[in-house]
Amino acid sequence: DKGHFKHFMLKEIFEQPEVMQRVLEGRISNGHLLEQAWGVNAAAVFDQTNRVQIVACGTSYHAGMIARYWIESLVGIPCNVEVASEFRYRDVVLSDDTLLITLSQSGETADTLAALREVKQRVLASLAICNVPGSSLVRESDLALMTNAGPEIGVASTKAFTSQLVALLMTTLILGRRKGLSTETEQQLVGALQALPELIESLLELNDPVAKMAEAFAEKHHALFLGRGSLYPVAMEGALKLKEISYIHAEAYPAGELKHGPLALVDKDMPVIAVAPNNDMLDKLKSNLQEVRARGGELFVFTGCGQSIRDEEGVSTLTLPAVHPLLEPLAYTLPLQLLSYHVAVLKGTDVDQPRNLAKSVTVE
Ligand code: M6R
């Protein structure tokens with residue numbers, strides 16, 4: 001039931017405040033994460049984990065890419081991330097202190113399941129972060145953390161993605177405990193996670209200005225998404241969403257790669273969307289954006305308060321509320337979900353059931 005929403009996708013975008021609450025429910029006590037939420041043997045597995053390998057497809061893969069930034073910076077152990085369709089057919093080198101994390105909304109994605117089956121004997125343990133209880137992935141993994149996002153009907157994944165991010169950040173904190181992450185830092189981050197419902201509410205207030213911004217894209221055939229650091233996978237997710245439901249060709253690049261090729265594409269017909277929180281990468285990103293402006297590319301910048309990117313000829317900005325730096329990838333995803341939604345609506349495509357795609361890819 002779509003309720004008063006025109007599409008399931010929009011309903012699912014607007015459900016995200018409650019979803020954030022549900023993924024945390026029962027997993028926190030006194031500002032601490034309860035590790036039994038991951039499974040009865042979870043503590044023993046986490047004690048022995050010295051590496052992480054993440055495997056997933058599509059949007060779930062983008063969540064994994066974001067988690068790599070968190071795991072390597074907060075836990076300080078190596079983390080690899082790979083798409084399942086490549087990982088399963090390659091001679092991967094794994095070690096018996098590796099925790100394999102599979103990410104999947106459905107838990108039935110053929111390549112992700114096959115990847116798990118292929119390597120589960122060669123790793124320390126497998127953890128499924130999944131939205132569907134009792135799915136194949138959950139049944140066949142040693143540990144599972146359910147994302148509790150509720151049924152996702154729109155083919156374009158939205159709430160499943162943000163709930164995966166929360167589950168991954170919680171997993172990062174649990175692993176970090178073993179590697180010297182302080183109790184204060186854990187408590188502080190748990191507090192930031194608990195404040196997510198209000199944060200998401202305030203981000204959803206951007207719906208109208210984002211809908212207005214979408215008008216600039218309806219006639220375009222291409223778009224470039226740029227981000228740096230953990231916002232690069234957010235740019236990838238924004239590009240996937242746009243191409244999936246509006247059929248506009250979209251690519252994402254880490255902004256530093258512009259000069260190495262894609263800048264050649266930029267002209268007045270190539271809108272460039274940048275996710276640019278006010279962080280230590282902003283200055284670098286700004287000079288990338290100047291390169292785009294100098295070639296006549298129209299810029300659409302999602303940015304944080306207190307920085308100096310301003311609206312001017314060819315530059316439209318939208319300012320997001322202040323957010324904990326680790327939660328930036330989550331926060332900046334919201335306006336990009338809304339942008340792709342509104343562009344698709346303007347183009348009149350089938351938002352919930354885009355052509356050629358299935359919600360669950362159970363065949364190779
Ligand atoms: O169910 P899964 O998370 O394993 O699905 C993986 C992808 O097929 C999925 O995320 C796909 O990319 C979405 N349609 C993206 O919106």
Side-chain angles (χ1 to χ4, degrees), residues 7-13 15-16 19 23 54-67 81-88 100-118 126-141 144-168 225 233-248 250-252 329 333-334 336-341 343-344 349-364:
H7 297 98
F8 279 108
M9 183 184 178
L10 191 63
K11 174 174 178 259
E12 289 159 3
I13 290 173
E15 262 169 33
Q16 289 175 110
V19 169
V23 60
I54 299 178
V55 178
C57 301
T59 287
S60 297
Y61 166 68
H62 297 152
M65 283 193 67
I66 292 166
V81 190
E82 195 164 342
V83 285
S85 55
E86 287 300 315
F87 180 85
R88 64 179 287 200
L100 174 74
I101 304 182
T102 56
L103 298 172
S104 176
Q105 188 287 127
S106 61
E108 303 295 346
T109 299
D111 283 320
T112 310
L113 254 177
L116 167 69
R117 290 174 183 156
E118 187 66 33
S126 53
L127 162 66
I129 294 183
C130 186
N131 193 37
V132 179
S135 58
S136 306
L137 204 66
V138 170
R139 283 186 278 112
E140 295 184 31
S141 298
L145 185 65
M146 303 314 301
T147 48
N148 296 341
E152 193 180 58
I153 311 293
V155 165
S157 186
T158 53
K159 63 176 182 170
F161 177 71
T162 47
S163 64
Q164 282 171 342
L165 291 180
V166 175
L168 284 162
F225 285 73
V234 172
M236 293 174 79
E237 174 57 10
L240 176 63
K241 229 65 321 161
L242 189 69
K243 68 183 112 178
E244 208 175 8
I245 60 170
S246 74
Y247 316 149
I248 291 175
E251 296 292 333
T333 294
L334 266 284
L336 297 188
Q337 294 174 341
L338 290 167
L339 181 67
S340 64
Y341 173 78
V343 175
T349 58
D350 188 342
V351 172
D352 287 333
Q353 186 49 260
R355 68 187 184 198
N356 312 342
L357 298 177
K359 180 65 187 164
S360 190
V361 185
T362 54
V363 289
E364 220 181 307

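Read the numbers this way: they start at 1 and go in the same order the structure lists the ligands and their atoms.
- Using modelled atom types, one finds a donor on one side chain and an acceptor on the other under 3.5 Å when comparing Q164 with S60.
- Of the polar atoms of K241, at least one N or O is found under 3.5 Å from an N or O of ligand 1, judged by distance alone.
- Remark: the backbone N or O of A250 is paired with a side-chain donor or acceptor of K243 at under 3.5 angstrom.
- If you number the atoms of ligand 1 from 1 as listed, the ones under 4.0 Å from a heavy atom of S104 come out as 1 (O), 2 (P), 3 (O), 4 (O).
- The protein heavy-atom contact nearest to atom 1 (O) of ligand 1 is S106 OG, 2.7 Å.
- The heavy-atom pair separating A67 from I54 by the smallest distance is CB-CD1, 3.9 Å.
- Those atoms of ligand 1 that come under 4.0 Å of a heavy atom in A156, given as number and element, are 16 (O).
- At the shortest separation from atom 7 (C) of ligand 1 among protein heavy atoms lies C57 O, 3.7 Å.
- Minimum heavy-atom separation, L137 to A128: O-CB, 3.9 Å.
- Of all the heavy atoms in L100 and F87, the pair that sits closest is CD1-CZ, 4.5 Å.
- Side chain of K359 to main chain of Q353: no donor-acceptor pair is present (N/O by atom type, distance under 3.5 Å, no hydrogens or angles).
- Residues that satisfy the side chain to side chain contact (heavy atoms under 4.5 Å, CB included) test with N131, not counting sequence neighbours, are Q105, T147, A149.
- Under the 4.0 Å criterion applied to side-chain N and carboxylate O atoms, K159 and E152 are not assigned as salt-bridge partners.
- Not a single heavy atom of S360 sits under 4.0 Å from any atom of ligand 1.
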>> For a side chain to side chain donor-acceptor pair (under 3.5 Å) check, start with the C-alpha distance between S136 and E108, then their side-chain angles and the critical distance, and finish with the verdict.
In response: CA-CA 6 Å; S136 306; E108 303 295 346; 2.6 Å; yes

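- Of all the atoms in ligand 1, the ones that sit under 4.0 Å from a non-hydrogen atom of S60 are 2 (P), 3 (O), 10 (O).
- The protein non-hydrogen atom at the shortest distance from atom 5 (O) of ligand 1 is T109 OG1, 3.5 Å.
- For atom 13 (C) of ligand 1, the closest heavy atom belonging to the protein is E244 OE2, 3.4 Å.
- For atom 8 (O) of ligand 1, the closest heavy atom belonging to the protein is V361 CG2, 3.9 Å.
- For L240, no nitrogen or oxygen atom sits less than 3.5 Å from a nitrogen or oxygen atom of ligand 1, counting backbone and side chain alike.
- Considering backbone and side-chain N/O atoms, T112 never comes within less than 3.5 Å of an N/O atom of ligand 1.
- Near T59, meaning under 4.0 Å from any of its heavy atoms, are these atoms of ligand 1: 10 (O), 12 (O), 15 (C), 16 (O).
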